[in-house]
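I have placed the structure first, in the form of structure tokens, so that the comments after it can refer back to it.
In what follows, every chain begins at residue 1, and chains take the letters A, B, ... in the order their sequences are listed.
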Amino acid sequence: MIAIRDDRDRNAFAALFDHFAPRLKGFIIRSGAPAHQAEEIVQDVMLTIWRKAAMFDPHRAQVSAWIYQIARNRQIDIARKENRPMPEELRQEPGSEPDASQILGLEQEAGQLKQALSRLKPEQREMIEKAYLGELTHMEISAQTGLPLGTIKSRIRLGLQRLRHELKDLDQ
Amino acid sequence: MSAITHHPSDAMLAAYAAGNLPHPFAVVVASHVSLCGQCRATFEAHQAVGGVVLEESHAVPVSPSLRENLFAQLDAPFAPEPVYERSGVYPGPVMEAFKGRAPRWKTLGMGVRQDILSRDVNGSVRLLYIPPGQAVPDHSHGGLELTLVLQGSFSDETGRFGVGDLEIADEALEHTPIADEGEACICLAATDARLRFRALVPRLLQPIFRI
Ligand SMILES: [Zn+2]
């Protein structure tokens, strides 16, 4: 993704496409879109990734998380015919050096998160998948108090603690 | 900026990250996240979960024409979407709802003003302007109501709400928020049902004021 962002590397983009496009299609079909519409959305999402690559910040997001958000935005925009409200973008400080340990830390956290999800009972896992596919309403999600979502969240939170502190500093 | 002490619940941030919140609430939560580093971190953490769900999705082959079409478009010129930045006390998502314009206040009486940003079957989102010492008109809720303070502060039976604080109220909460002394209080309020401002406007006038 960095090669796409910094060098506009088409080979890297092709590799990213080959990895994510079929998963995106599966994800979108599972959210309820017919196959032909799913392909349209995949194409839109991939084009957005290429065009908005400059916004990608590996200190704050895994590539999959970033693409997930773009895909959900597109799905919601199509359903509502207007833009989904999103928070202000954080600006990367110009000239700031990449912090390899922060990027690595985030990767490791994401790996642990993946493992934690894979250890769930199938029905719990399905509930989480449904929620993040946009199939559950807010009320349904809040009613799912029995989910071990808490442990997962504490894991992610650990990994994002640093980010949180950095953001807090920015707030002051 | 004083510390933010009232945040959306975690379930609400999860629902927002997954795109499950009705539009009016999404505007308010997006605005809070724009002001609150803590909730941004939680929001981005939920995106990470979404990323794992995407990553682990069953791969369905895409047609070769999709790939060709896509690569043919990479060099095509395009108009970037407008980016709405914070303007004064109004965070980016509010400016986006305004489409960049300034608020158009309508007087509700007693110095209270409002500007409705959007209203449809999903509910409404509006700005409220409440002079210091003035009560936000006594109202009850038909559903869920989110109120985010953008300027000044208000207090009610449940506590004090300053800039960035989010109050979550439902049918069960009978409260009387009063703008604190000092600056006028400006809030962003979203509801999924019509508010009934009992003290201020007779019910019959509600359609006129569009409350
Ligand atoms: Zn917060």
Pairwise side-chain contact, [X] with [Y], heavy-atom cut-off 4.5 Å (strictly under):
X: B:V52; Y: A:Y132; result: no
X: A:E129; Y: B:E56; result: no
X: A:F13; Y: B:L74; result: yes
X: A:R30; Y: B:S57; result: no
X: B:L66; Y: A:M46; result: no
X: A:R60; Y: B:Q47; result: no

Contacting region of [X] [heavy-atom separation from chain B under 4.5 Å]:
X: A:N83; answer: both
X: A:L24; answer: both
X: A:A21; answer: both
X: A:A14; answer: both
X: A:R8; answer: neither
X: A:Q62; answer: neither
X: A:L47; answer: both
X: A:R23; answer: both

Is atom CD of B:Q73 surrounded by more than 12 heavy atoms (other residues, nucleotides or ligands) closer than 6.0 Å? yes

Would you tell me whether A:Q69 and B:H46 have side-chain atoms, one donor and one acceptor, within less than 3.5 Å of each other? no

Which portion of [X] sits near chain A, non-hydrogen atoms under 4.5 angstrom:
X: B:Y16; result: both
X: B:P61; result: backbone
X: B:S65; result: neither
X: B:E55; result: both
X: B:H23; result: both

If you take all heavy atoms of [X] and [Y], which pair is closest and at what distance?
X: B:A48; Y: A:A65; result: CA-CB, 3.7 Å
X: A:R51; Y: B:P77; result: NH2-O, 4.4 Å
X: B:G19; Y: A:I76; result: CA-CD1, 3.4 Å
X: B:P93; Y: A:P87; result: CG-CA, 4.3 Å
X: A:A131; Y: B:N20; result: O-ND2, 3.1 Å

A:E88 backbone acceptor or donor facing B:S34 side chain under 3.5 Å: yes

